[in-house]
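The structure under discussion appears below in the form of structure tokens.
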Amino acid sequence: MSDATEKPVIANFIRNIIDEDNASGKWGGRVATRFPPEPNGYLHYGHAKSIFLNFGLARDYAGECHMRFDDTNPEKEEQEYVDAILESVRWLGFDWGQHLYYASDYFDQLYAFAESLIEQGLAYVDSQSAEEMRANRGTHLEPGRNSPWRERTAAENLDLFRRMKAGEFADGEHVLRAKIDMASPNFNLRDPVIYRIRHAEHHRTGNRWCIYPLYDYTHCISDALEHITHSVCTLEFEDHRPLYDWVLDKLMPKIGWHSQQIEFARLNLTYVVLSKRKLIQLVEAGAVDGWDDPRLPTLVGARRRGFTPEGFRLFTDRIGVSKADSWIDMSVLEECMREDLNLAAERRIAVLDPVRLIIDNFPADGQETCLAPNHPLKPELGKREIAFGRELWIEREDYMETPAKGFFRLYPGNRVRLRYAFVIECTGAELDSEGRLLAVHANYLPDTKSGTPGSDSVKVKGNIHWLPVHGSLAAEVRLYDRLFAVAHPGTDHDFMLDINPDSRRIIEARLESGLADAAPESRFQFERHGYFVADRRDHHPDRPVYNRTVGLKDTWQKSG
RNA sequence: AGGGGAGUCGCCAAGUGGUAAGGCAUCGGAUUUUGAUUCCGACAUUCGCAGGUUCGAUCCCUGCCUCCCCUGCCA
């Protein structure tokens, strides 16, 4: 990704392990990681952390990161998810090159290894029902009980397993279990199931198989077959590691590679939910418009919201990697997006809550052309013209009939600068019988035009944006806010009750005319408001639609 | 209760026997035609608690406390 902004790398425990391995020559200097999602849903912000970690490690150590789908559960997985996941990883800026893999590509090998485990007496076909197995698994206090089928001969097991594969049995009739230790304090070692019967169509292998391997058996072998060095996963797999190692130890003579599993703390973010189950619930309940709703913490949603890959990179660098459970506040992510967008986005003017401003001493047929820089930090991006006239749109909130303490914008008698134009002096306002603002009146000071000599001889504190009534355009603007109203949704009740009722406001705003022709996904800062993006799906030149990505910091409203 | 992990500033997070990096936030101040940005300054005598070892402990030892994960034929 960006190399110009390269910062010194901060140490973390995973890098330390890699450094030690490189120093000892454990992997011969090789670094191979992998990002292994199951294609049963869309990627979310938490996956971004894992993607930047894994692909970032490969980049920094001149290694490789494999893109691999953990597709061993045919009933939940679909090609649609594979496509969306690949697109999101690409969007974040990563390229897996030739290294695209599917666990399902290893089904033949996985099966052969299972037969070998059986032959070695390390796996057996269990014919207990799921309920019996559960009852015999034991508890934290009591060891499990051996299955009555645990001592079947290798020949018998092999015959049964082959018939399972051949489709002679119904779902659930038999399973293949690793023969480890029913008394282990680690439940994962109490003879874990490694194959189950599923007469289901797989999105890639179709109906070729009716038995499918389970995660614990598949993942470690996939890693080893690909010669992964550091297999990075989240903390909840920590007590699966003994099983990961058991399988690879037993298969060492056949595979000759034993990857190292390393666990880190997954991302916890406030004001949002990141569990697949809850995301599905939000979509199915219609609380959001779909998987790419800009409020949803999915990567497709982030993209539509206007979040940037670079912003996610800043974010993952900023939060670091460790094994401590932690909660990151949503404001950290938002600030990272601002940081990137401040540099990346050109400025434009938008009046979100328009009210008329009439310059009474400006001729009705008068005309002035004002120049506005496209980016204050990048003068090379040039300027654009905005037509100044007698009637303008300004923000309703930029006027106060009776100003609050510290308010330095428009109120009777006060002077402000119309940004990139003239200084004006407010003469009053028209209000209806309910006190609602209809129009603001002012006189302009002709010698104060921005960019002309002596323009700043008149000093003012306030500086507000405006748009001409004739020559600006009406557009739909979607003001997105946090999906949940509380930091920790569902703490002691249904999380759906914590949805922020104001997470989206759709308004009719006035925009600079040039904004109609911007390509979908073009990002801008609407001055004094925040960052906005032309909606990826709904924005058209004849019907502009902009989404608010994130607002600018506002220390006035915060303290006021 | 058994097993596996974690506890360093408001939020993250380095460090690990030699006297607490950094980032974010916050608070001052400067600049500013975005109440934005930028810039400058401040910000842990202290590393969950209590003992012990040591010339010296956040780091080693002992005990305790708190939090997270684990009984899918999910991943």
Side-chain angles (χ1 to χ4, degrees), chain A residues 7-8 10-13 16 36-38 40 70-73 75-77 126 128-130 133-135 137-144 171-177 184-190 192-198 211-212 214-216 218-219 233-242 263 265 270 276 317-329 331-332 335-336 338-339 342-343 347 349 372-373 376-377 406-409 416-421 423 448 450-451 455-456 460-465 525-530 551-560:
Chain A
K7 289 180 186 169
I10 317 121
N12 64 47
F13 76 101
N16 292 346
E38 180 187 13
N40 70 342
D70 245 328
D71 54 351
T72 57
N73 189 346
E75 291 167 323
K76 292 187 177 176
E77 296 148 5
D126 194 351
Q128 295 181 101
S129 67
M133 273 184 60
R134 193 180 316 120
R137 189 148 26 229
T139 67
H140 295 298
L141 304 175
E142 300 162 12
D171 289 6
E173 259 187 81
H174 308 281
V175 293
L176 184 69
R177 288 230 251 178
S184 172
N186 183 340
F187 284 86
N188 296 300
L189 299 180
R190 316 247 265 222
V193 173
I194 58 177
Y195 263 94
R196 81 288 221 183
I197 300 171
R198 270 302 109 88
I211 57 173
Y212 293 91
L214 276 89
Y215 168 85
D216 284 310
T218 307
H219 199 87
C233 62
T234 45
L235 250 28
E236 66 270 28
F237 290 103
E238 216 152 13
D239 39 1
H240 289 239
R241 191 177 352 122
E263 313 83 12
T270 59
K276 217 169 255 184
D317 283 353
R318 193 161 291 179
I319 63 177
V321 179
S322 76
K323 298 190 70 157
D325 289 307
S326 63
W327 280 87
I328 307 296
D329 196 83
S331 64
V332 176
E335 184 53 27
C336 288
R338 288 191 193 99
E339 190 170 320
N342 179 44
L343 257 31
R347 314 284 115 129
I349 304 296
L377 273 17
F407 183 80
F408 52 67
R409 280 113 88 174
V416 301
R417 174 172 293 281
L418 291 179
R419 199 161 166 72
Y420 309 130
V423 171
T448 60
S450 295
S455 65
D456 47 7
V460 293
K461 191 140 190 238
N463 194 314
I464 67 172
H465 63 276
Q525 181 197 98
F526 288 173
E527 294 199 30
R528 299 214 299 135
H529 282 303
L552 250 27
K553 267 192 233 170
D554 187 351
T555 52
W556 159 249
Q557 283 189 357
K558 216 181 272 178
S559 58

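Only heavy atoms go into these numbers, but all of them, side chains included; no hydrogens, no water, no symmetry mates. Naming convention: chains lettered A, B, ... in sequence-line order (proteins, then strands); numbering from 1 in each chain.
For the residue pair A:S331 / A:D329, a side-chain donor-acceptor distance below 3.5 Å is found, with atom types taken as modelled. For A:H465 and A:R419, the side-chain atoms include no donor-acceptor pair closer than 3.5 Å. In this model, a donor atom of one side chain and an acceptor atom of the other lie less than 3.5 Å apart for A:E527 and A:Y420.
In this structure, A:H529 places its NE2 atom 17 Å from C1' of B:U37, rounding to the nearest Å. Here B:G35 presents its P atom at 14 Å from NZ of A:K553, a figure rounded to the nearest Å. If you measure from atom NZ of A:K461 to atom C1' of B:U34, you get 14 Å, rounded to the nearest angstrom. One atom, OH of A:Y195, and another, P of B:A75, lie 12 Å apart when rounded to the nearest Å. In this structure, CD1 of A:I10 is placed 9 Å from C1' of B:A14, rounded to the nearest angstrom.
Here the side chain of A:S455 pairs no donor or acceptor atom with the backbone of A:S450 at under 3.5 angstrom.
Taking the nucleotide of RNA chain B with the nearest heavy atom to each of A:E527 and A:V332, the more 5' of the two is matched to A:V332. Map A:F13 and A:S129 each onto its nearest nucleotide of RNA chain B; the residue landing nearer the 5' end is A:F13.
Residue A:R338 is out of contact with every strand shown, counting any heavy-atom pair closer than 4.0 Å. Residue contacts shown for A:V193 are limited to sugar-phosphate atoms, with no base heavy atom under 4.0 Å away. Within the nucleic acid shown, A:P376 comes within 4.0 Å of at least one base atom, counting heavy atoms only. Within the nucleic acid shown, A:F408 comes within 4.0 Å of at least one base atom, counting heavy atoms only. Contacts of A:E173 with the nucleic acid, taken as non-hydrogen atoms under 4.0 Å apart, are absent. Within 4.0 Å of A:L343, counting heavy atoms only, lies no atom of the nucleic acid at all. Looking at heavy-atom distances under 4.0 Å, A:V460 makes no contact with the nucleic acid at all. Using a 4.0 Å heavy-atom criterion, one finds that A:L141 contacts the bases of the nucleic acid, with or without backbone contacts as well. Using a 4.0 Å heavy-atom distance criterion, A:N16 is classed as a sugar-phosphate-only contact. Residue A:F407 is in base contact, counting any heavy-atom pair closer than 4.0 Å across all strands shown. When heavy atoms are screened at a 4.0 angstrom cut-off, A:A11 is found touching the sugar-phosphate backbone but no base atom. Using a 4.0 Å heavy-atom criterion, one finds that A:Q525 contacts the bases of the nucleic acid, with or without backbone contacts as well. A:D216 comes within 4.0 angstrom of no nucleic acid atom, judged by non-hydrogen atoms across all strands. Among the protein residues, A:G451 comes within range of the nucleic acid bases, having at least one heavy atom under 4.0 Å from a base atom.
Against the 90° criterion about 0, the sugar-base torsion of B:G48 places it in the anti range.
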(request) Start with the C-alpha distance between A:R409 and A:K461, add both sets of side-chain angles, then the distance that settles side-chain contact (heavy atoms from CB on, under 4.5 Å), and finish with yes or no. (result) CA-CA 8 Å; A:R409 280 113 88 174; A:K461 191 140 190 238; over 6 Å; no
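For the pair A:R190 and B:G72, the criterion of a side-chain N or O lying under 4.0 Å from OP1 or OP2 is not met. The side chain of A:T72 contributes an N or O atom lying less than 4.0 Å from OP1 or OP2 of B:A75. Between A:R417 and the phosphate of B:U32, there is no side-chain N or O to OP1/OP2 separation shorter than 4.0 Å. A:T555 has a side-chain polar atom (N or O) that falls below the 4.0 Å cut-off from OP1 or OP2 of B:A36.
For A:W556 and B:G35, the ring-to-base geometry satisfies the stacking test (centroid distance below 5.5 Å, interplanar angle below 30°).
Side chain A:R528 to base B:G35: no donor-acceptor pair is found below 3.5 Å.
Pairs of Watson-Crick or G-U wobble type, with distances under 3.5 Å, assemble into runs of 3 or more in RNA chain B at these ranges: B:2-7 with B:65-70, B:10-12 with B:22-24, B:26-30 with B:38-42, B:48-52 with B:60-64.
Here the straight-line distance linking atom CD1 of A:I197 with atom OH of A:Y212 works out to 12.0 Å at 0.5 Å rounding.
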Quick test: give all pairs of protein nitrogen or oxygen and nucleotides 68-71 of chain B nitrogen or oxygen below 3.5 Å, distance rounded to 0.1 Å.
{"residue": "B:U71", "atom": "O2'", "partner": "A:R137", "partner atom": "NE", "Å": "2.7"}
{"residue": "B:U71", "atom": "O2", "partner": "A:G138", "partner atom": "O", "Å": "3.2"}

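Between A:H219 and A:H240, a ring centre-to-centre spacing not shorter than 6.0 Å is recorded.
Between A:W556 and A:F408 the shortest side-chain heavy-atom distance does not fall below 4.5 Å. Contact annotation: the side chain of A:R417 approaches that of A:T448 to within less than 4.5 Å [non-hydrogen atoms, C-beta and beyond].
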